Peer 1: 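This is the structure, below, for whatever I ask next.
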Amino acid sequence: MARLTRVEQQARTREAVLAAARAEFAEHGYAAAKVDRIADRAELTRGAVYSNFPGKRALYLAVLAAMAAEDAPAAAVSAPRTAEDALTAFARAWLERLPPAGGSAPGGRLRLRSLAGVLDEGVLAPIARLEALALATGLESCGGPGRRLRLAELALTLLHGSGLLAELVPGFGDPTDRARACGHLARLDLADTWTPPHRPAPARAVHEILAPLDAPADLVGGSRVDLGADGVTAVLGVPRLAAAEDAYRAAGPGGQATVIVPAAGEDADLLRLRLTDLAACLRAVFPAAALRRLHVVLDDGTLAAAIGIEDAGAETEAALRVSDGIVTARASGPGAGRALA
């Protein structure tokens, strides 16, 4: 029998730890789960678990991310006719993971990707704004007047509320009714306009040839990102993700908005989990072309440095405009994306 390489052995160990962690979280829930029991289930030492994951929370996020990838619905084959049709279909895809009546509560929380009691309060707020923007881009592709961000926020509020209720009372309510109610939100007149709160510092005109870059896959649409495409690229730390809309609006109707997020560790795991889960529902509703205007990529700092933004971190907010592979303007600080509008 051929001997496993070190890389192959590490991969097997990681898979064994994840399988054991999934069983432990399903049986005991997050709070009562124990790393020692996970090690025992995997027939490994506690040290072997910690050599792959820094702690229980990182393990939990990795388990949820794996489940999100497994549970992806089939991709859409045609575009929805209206925003109401799109929201109804999106809600239906999202609600499919609700646990049935009488289901196991801990196992159900895994299906729901529950983060209750796992993260500090407020950590999810900027990521939630980015999720709403991703849904809004799909809704805006259906036609109709104006911005759809407030509509997306309302829909996600209803759906996440349904998830929280499902933790307490599995099976309560009819998912079909909730999906229809979510679609009806599109009929509301929300008077939704983009009104930035203040004028940022002006952008700086430049003329810089952008070298070809091997960008990672987009977390929203799944395709490789072309950083030389016409549009706006923003580098935003996780706490600054609400500013992603500035880059999206500044890119204009035909432009591409790319958000590069310098993040590592649990911040990166959390963002990957949330967008993997959301993107699966988006791809079940909207064709690929409808999701190409907004791209989100995770970065260890290498990509940001390659486009001229050094030492990118949690509080970074910078943006650049690209035209025919040439950087024509740059801005940095609060409102960097608005400065390019």
Side-chain angles (χ1 to χ4, degrees), residues 119-120 122-137 147 149-150 152-153 193-206 208 210 213 215-216 218-220 225 227-252 255-272 274-275 278 293-323 326-341:
L119 301 169
D120 296 331
V123 170
L124 283 173
I127 296 177
R129 289 299 301 273
L130 181 62
E131 292 173 326
L133 177 62
L135 175 55
T137 62
R147 180 178 184 251
L149 184 63
R150 290 180 63 190
E153 290 174 344
T193 57
W194 183 49
T195 53
H198 61 274
R199 186 176 181 85
R204 175 170 54 93
V206 297
E208 304 166 359
L210 192 62
L213 297 170
D218 166 33
L219 293 175
V220 177
V225 178
L227 293 177
D230 290 1
V232 171
T233 296
V235 179
L236 303 173
V238 171
R240 312 299 300 171
L241 285 176
E245 187 184 9
D246 291 345
Y248 177 71
R249 302 298 171 194
Q256 171 183 294
T258 301
V259 179
I260 298 173
V261 188
E266 290 183 4
D267 280 352
D269 292 341
L270 178 60
L271 183 62
R272 187 181 292 109
R274 295 288 296 225
L275 288 188
L278 179 82
R293 284 207 51 222
L294 175 68
H295 301 292
V296 181
V297 296
L298 276 169
D299 181 34
D300 61 2
T302 305
L303 198 56
I307 61 173
I309 301 170
E310 302 290 343
D311 301 320
E315 295 303 322
T316 298
E317 186 172 340
L320 52 98
R321 182 174 291 282
V322 179
S323 179
I326 296 173
V327 181
T328 61
R330 289 182 176 274
S332 61
R338 293 198 299 277
L340 299 177

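Because the structure is predicted, anything quoted here is derived from the model rather than measured.
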Peer 1: For A234, which residues count as a side-chain contact (heavy atoms from CB on, under 4.5 Å) partner, sequence neighbours excluded?
Peer 2: L236, A247, A319
Peer 1: Determine which pairs satisfy salt bridge (Lys or Arg N to Asp or Glu O under 4.0 Å) with at least one residue from residues 299-309, sequence neighbours left out, and list them in order.
Peer 2: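 Residue pairs passing salt bridge (Lys or Arg N to Asp or Glu O under 4.0 Å), neighbours aside: none found.
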Peer 1: Shortest non-hydrogen contact from V322 to G228?
Peer 2: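 Nearest heavy atoms, V322 then G228: CG1-O, 3.5 Å.
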Peer 1: Mind checking what makes side-chain contact (heavy atoms from CB on, under 4.5 Å) contact with T195, not counting sequence neighbours?
Peer 2: T193
Peer 1: Check A341 against W194 and note the closest heavy-atom contact, atom names and distance.
Peer 2: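 Minimum heavy-atom separation between A341 and W194: CB-CH2, 4.1 Å.
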Peer 1: How many angstroms lie between CG in L219 and CG in L294, if you round to the nearest 0.5 Å?
Peer 2: 10.5 Å
Peer 1: Heavy atoms, side chains only, cut-off 4.5 Å: are T137 and R293 in contact?
Peer 2: no
Peer 1: List in chain and number order the residues that pass side chain to side chain donor-acceptor pair (under 3.5 Å) with D218, two or more places apart in sequence or in another chain; answer none if no residue qualifies.
Peer 2: H295
Peer 1: Tell me which pairs pass salt bridge (Lys or Arg N to Asp or Glu O under 4.0 Å) where either residue lies in residues 233-251, with sequence neighbours left out.
Peer 2: E140-R249, R147-E245, R240-E317, E245-R249, D246-R338
Peer 1: Under the side chain to side chain contact (heavy atoms under 4.5 Å, CB included) rule, what do L270 and L124 come out as? Steps first, then yes or no, please.
Peer 2: CA-CA 9 Å; L270 178 60; L124 283 173; 3.8 Å; yes
Peer 1: Are S332 and I309 side-chain neighbours, meaning at least one heavy-atom pair lies under 4.5 Å?
Peer 2: no
Peer 1: Identify the heavy atoms of A331 and A336 that sit nearest to each other, and give their distance.
Peer 2: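 Scanning both residues completely, I find the closest heavy atoms to be CB-O, 3.5 Å.
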Peer 1: Who pairs with A263 by side-chain contact (heavy atoms from CB on, under 4.5 Å), at least two apart in sequence or on another chain?
Peer 2: V238, V261, D267, A268, L298
Peer 1: What are the two closest heavy atoms between L213 and A306, and how far apart are they?
Peer 2: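 It is CD2-CB, 3.7 Å.
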Peer 1: Taking all atoms of both residues into account, what is the closest heavy-atom pair of G313 and P262, and its distance?
Peer 2: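 Shortest heavy-atom separation between G313 and P262 comes out as O-CG, 3.8 Å.
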Peer 1: Going through the checks in order, is the side chain to side chain contact (heavy atoms under 4.5 Å, CB included) test met by L275 and L130?
Peer 2: CA-CA 9 Å; L275 288 188; L130 181 62; 4.0 Å; yes
Peer 1: Can you list the residues that meet the side chain to side chain donor-acceptor pair (under 3.5 Å) rule with E315, with sequence neighbours excluded?
Peer 2: none
Peer 1: What is the minimum heavy-atom distance between L340 and A329, and which atoms define it?
Peer 2: CD2-CB, 3.7 Å
Peer 1: Partners of R272 by salt bridge (charged side-chain N to carboxylate O under 4.0 Å, His left out), sequence neighbours excluded?
Peer 2: D269
Peer 1: Please report the C-alpha distance between I260 and V225 in whole Å, then the side-chain angles of each, then the deciding distance to 0.1 Å, and finally whether the side chain to side chain contact (heavy atoms under 4.5 Å, CB included) criterion is met.
Peer 2: CA-CA 10 Å; I260 298 173; V225 178; over 6 Å; no
Peer 1: Residues two or more places apart in sequence or in another chain: which of them pass salt bridge (charged side-chain N to carboxylate O under 4.0 Å, His left out) with R321?
Peer 2: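 If we apply the salt bridge (charged side-chain N to carboxylate O under 4.0 Å, His left out) test to R321, skipping adjacent residues, there are no hits.
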Peer 1: Does I307 form a side chain to side chain contact (heavy atoms under 4.5 Å, CB included) with V235? I'd like the steps, not just the answer.
Peer 2: CA-CA 10 Å; I307 61 173; V235 179; 3.9 Å; yes
Peer 1: Which residues pass the side-chain contact (heavy atoms from CB on, under 4.5 Å) test with A229, sequence neighbours left out?
Peer 2: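 D226, Q256.
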